[in-house]
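Reading through the structure tokens given below for one structure.
Chain letters run A, B, ... following the sequence lines, proteins first, then strands; residues in each count from 1.
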Amino acid sequence: MDARRRQTLEETTRWDPGAVEQRVFERWMEGGWFHPPAEGRAAENYSIAIPPPNVTGALHMGHALNGSVQDALIRLNRMRGRNTLWTLGTDHAGIGTQAVVEKELAGEGISRQEIGREAFTERVWAWREQYGSTIIEQYKRLGASCDYERERFTLDDGYVRAVYRVFAELYRKGWIYRDNYMVNWDPGLHSAISDLEIENREVTDTLYEIAYPLEDGGELVVATVRPETMLADTAVAVNPSDERYRDVVGKHATLPLVGRRLPVIADEHVDPEFGTGALKITPGHDPNDFEIGRKHDLSEISVIGEDGLISDEAPERFGGMSADQAREAVVTELRGEDLIRNEEPYTHSVPFSHRSGERIEPLISLQWFCRMDEMAKGAIDAVNDGRVRFIPHDPHTRVYLDWMERIRPWCISRQLWWGHRLPVWYRGDETYVGEQPPDGEGWEQESDVLDTWFSSALWPFATLGWPDTDAPELKAFFPTDTMVTARDIIFLWVARMIMTSLEFTGEVPFTDVYVHSIIQAPDGRRMSKSLGTGIDPLEEMDRHGADALRFGLLAMSSAQDVRFSEARVQQGRDLANKMWNASRLVLMEARDDVDPGPRSARVEDRWIASRLQRAVRSVSESIEAYDFSHAALDLYDFFWSELCDWYLEIVKPRLYDGDEDASATLLWALEQVLALAHPLMPFVTEEIYSYLPKPQAEALVIHPFPEADDGLIDEAAEKEIGRAIGLTRALRRWRDLAGVPVKQVLAARTDDSRPHELVARLARVEFSEDGGQPIASVAGVELLETEGVDPEAVATRIEERREKLRAEVQRGEGKLSNEGFVDKAPASVVDAEREKLAAYRAELEELGG
RNA sequence: GGGCGCGUAGCUCAGCGGGAGAGCGCUCCCCUCACACGGGAGAGGUCGUUGGUUCGAUCCCAACCGCGCCCACCA
């Protein structure tokens, strides 16, 4: 080690991530280790396609956890020697991106309509050029070892080709079609949106009961929360089994305010228990009524247009009103005609747009749809036969299958400007669908764009070169291995990837779907910018470092949603600091002329080698089982408690003496544990690794991942050191309770097999054959009278211990005298109980009963 | 209206059939030559309630009480 490096080591008593992380990351990039060659077969290679963040995005806590998990998996597999690719890219995110740029324009006092479609999309591209890499840089901060040289974007030329291919194929199959159908109209976005983009909220409306006069006299009273839609009524329905209305079915009512003749029809859908048992049917503005209307061949009238205003299909006096104004006007008129029979508050769930937050206006619109049922079949099979598995299996498998089995057509067209314009061209009555524009004059391309999720659905293979089936990346890395995501996009995205992948490549896109926690705000609310509950991962990294954030997020995550815990991040920060400082000790004091490796001459060396194997096993197994929380915490425990608190303290004297075995064992254990920790905490481990005198690899990022060696497991050593540790702790406890100062060395005597040297040193006792009177006995050790020891405190302490032992003995005796226990419990459990009882009895006797 | 999950130490969470665990916080003692983002020693839970199954239940079953989520076309 050169003098300057050594000086850094000596002077830096605190791990300072800010100074180091960027430099370490640059070194990884220069090494080219994140950019694998497109070689080998997908079955032997390892790959993950990142859930593409929105180009407009900034790294939030969800990305940070999602990225930490994927990076741990990627680094683990890379270290295991597999050709490993983590595909990176961004999503054009139609609605979100368009909204951002529109807002920017609005700041300049311009609307997108003023500058027109072409200029607007140019503006979005320019925006993307300028800001699109922000989130990519933030992933680098986190340490994400993505292949930054293969960055993809859902609007790249090659990607667009994939989207158009898929659209055209599905059209040819007849699964994509255009129809006038009831859609979820988002008045804020001025576009249709899919079923998955709405959320239902509880709303209290007024439920009006309105009398519709019957032609033959009398009236039929219907209940509605949306009186304004009555302007588009085309029938009244009752349940066929409803005795009350038996006679009116087939007759006609007159629609108040409009005068239209409405047939009274019978339909099972009507609930006789609800309201009056009579339902006004408005096929143009209610999804249920739409279904009923199609069944009974009713006409579909639209009185609310896409602009949210009352159209000229309604009586002229309502024309141009907003729906809300129309409601008021309709109710006022009905009151005037004395047709309102009842009104009461009514709480029900109402659809709102996820994107704009506005109340959805169901209306009939000419849109493009995609039939999903055929594709769903294969995607159901793939999960049922285990080609794709969800982790955790429950409840995601069931939820996925339930949704798939009831899947409905997907409205894929959006009335936006930013996105994949549909590969559809019109000329007069002609429609052309294809990957290339049609020949000939006068064709005009469809102005709608595709739902962003339509292109996202192709992500795992479109990013690798599909539809070019000979693309080397596709051959080497598709199918991918693992999809890491949160459950909120399982339907929106994961399910659709499985469907399109099976349809177009014949393969599942990935074999494992790991569904991780959603991180909530510390108070349990959703983390969101608008609520002000968000915690910025970048700030966390500024404060504590990327390793700390990664450790914290992994440690706090589980199968459940969890509240963000700053304490866990600090635990990670503390661990990084501990790693740095423990390593400083080793690197500054160990001999650098030894060959690192486990040495077996001394029991404590065999002990740490053995404990390390167990840690390697538990951490590896936890990561393999996607149990990152236990992986992180087990690593912490081993490093902190066993390696630092015990082993380092035990070997310090040997280390200072230049003992060869101690140096060799420590350097080896350090290298192993750095490798073990690297997938979770890449920066601090890589930096320390650069100081190792004889590293195995050029860099830790490509160092072999440790494998547990059963040959190094040493039960006897574990038992012996375990006993010594137990004795040390017992002596320390006694000292503390008896109030003996730390500096006071206690005289002690034992006729037990000689305790390990560490006990005397770490418990600060001095064993001798002779010496004074015993004043206490602790776990087989007699403590002798020493100056400064308070006999009264000692007596109290002993009595407390006896008390506890008596209780334990009583408990054990009770249990063992229970015939049910002795007969039916497993022998090992009973034996263990007997041994414990014997030990307690012996200790109690020693203390005088 | 269906389905799912959660209620364990003051806080955030593990554990899920054989004597209750972690981190933070708290108390006491230590600035001991890797680390005060440190070291040592502790205190603190009738494991939501009530029944049941079992030799034995925080863990399995049932009901109830409190939260939360997802799905759903009853105005």
Report the distance from atom CD of A/E540 to atom C1' of B/C37, rounded to the nearest whole Å. 15 Å

Aromatic ring pairing A/Y181/A/F369, orientation class (parallel under 30°, perpendicular over 60°, tilted between): perpendicular

base_contact_polar (B/A75 base, A/E273 side chain, donor-acceptor, <3.5 Å): no

Base B/A34 paired with A/R14 side chain (donor-acceptor, <3.5 Å): no

Take the protein atom CD of A/Q560 and the nucleotide atom C1' of B/C6, then report the distance between them rounded to whole Å. 6 Å

Return no unless some side-chain N or O of A/K652 is found under 4.0 Å from OP1 or OP2 of B/A34. yes

Per atom distances to the A/V270 side chain, the nearest of B/C73, B/C35, B/A75 is B/A75

Looking only at B/C35, B/A75, B/G18, the nucleotide nearest the A/R584 side chain is B/C35

Does a nitrogen or oxygen in the side chain of A/K280 sit under 4.0 Å from OP1 or OP2 of B/C74? no

Spacing of A/L762 atom CG relative to B/U32 atom P, expressed in whole Å: 16 Å

Hey, what's the ring geometry for A/Y636 with A/F551, parallel, tilted or perpendicular (30° and 60° as the breaks)? tilted

Expressed in angstrom and rounded to an integer, what is the separation of A/R6 atom CZ from B/A34 atom P? 13 Å

Which part of the nucleic acid does A/P826 contact within heavy-atom distance under 4.0 Å: base, sugar-phosphate only, or nothing? base

Re B/U12: Watson-Crick or G-U wobble partner, both distances kept under 3.5 Å, found to be B/A22

Name the orientation class of the two ring planes belonging to A/F274 and A/Y346 (parallel below 30°, tilted from 30 to 60°, perpendicular beyond 60°). perpendicular

Starting the side chain at C-beta, find the nucleotide from B/A34, B/G18, B/G39 nearest to A/A825. B/G18

What is the separation between atom CG on A/D394 and atom P on B/C4, rounded to the nearest whole Å? 10 Å

A/R406 side-chain proximity, nearest of B/C74, B/A72, B/C70: B/A72

Between B/G40, B/G18, B/A75, which nucleotide gets closest to the side-chain atoms of A/L279? B/A75

Could you check which nucleotide pairs with B/G38 in any of the strands shown, counting Watson-Crick or G-U wobble with both distances under 3.5 Å? B/C30

Over 12 foreign heavy atoms within 6.0 Å of NE2, A/H296: yes

From B/G15, B/C35, B/A75, pick the nucleotide closest to the side chain of A/H269? B/A75

Mind checking who B/C4 pairs with, Watson-Crick or G-U wobble, both distances under 3.5 Å? B/G68

If B/C74 has a Watson-Crick or G-U wobble mate with both distances under 3.5 Å, name it; if not, just say none. none

Check every strand shown and say whether A/R563 touches a base, only sugar-phosphate, or nothing at a heavy-atom separation below 4.0 Å. sugar-phosphate

Does B/G39 have OP1 or OP2 sitting under 4.0 Å from an N or O in the side chain of A/W640? yes

Could you tell me whether A/F564 contacts a base, only the sugar-phosphate backbone, or nothing, with contacts defined as non-hydrogen atoms closer than 4.0 Å? nothing

Start with the C-alpha distance between A/T282 and A/K280, add both sets of side-chain angles, then the distance that settles side-chain hydrogen bond (donor to acceptor under 3.5 Å, both in side chains), and finish with yes or no. CA-CA 6 Å; A/T282 320; A/K280 71 192 242 337; 2.9 Å; yes

Counting just side-chain N and O atoms, does A/Y346 come under 4.0 Å of either OP1 or OP2 of B/A75? yes

Counterpart base for B/C60, defined by Watson-Crick or G-U wobble contacts under 3.5 Å: B/G52

To the nearest Å, give me how far apart CD1 (A/I281) and P (B/C74) are. 14 Å

Fit a plane to each ring of A/W15 and A/W580, take the angle between them on a 0 to 90° scale, and name the class: parallel (under 30°), tilted (30 to 60°) or perpendicular (over 60°). tilted

Rounded to the nearest Å, what distance is computed from the CD atom of residue A/Q571 to the P atom of nucleotide B/C24? 6 Å

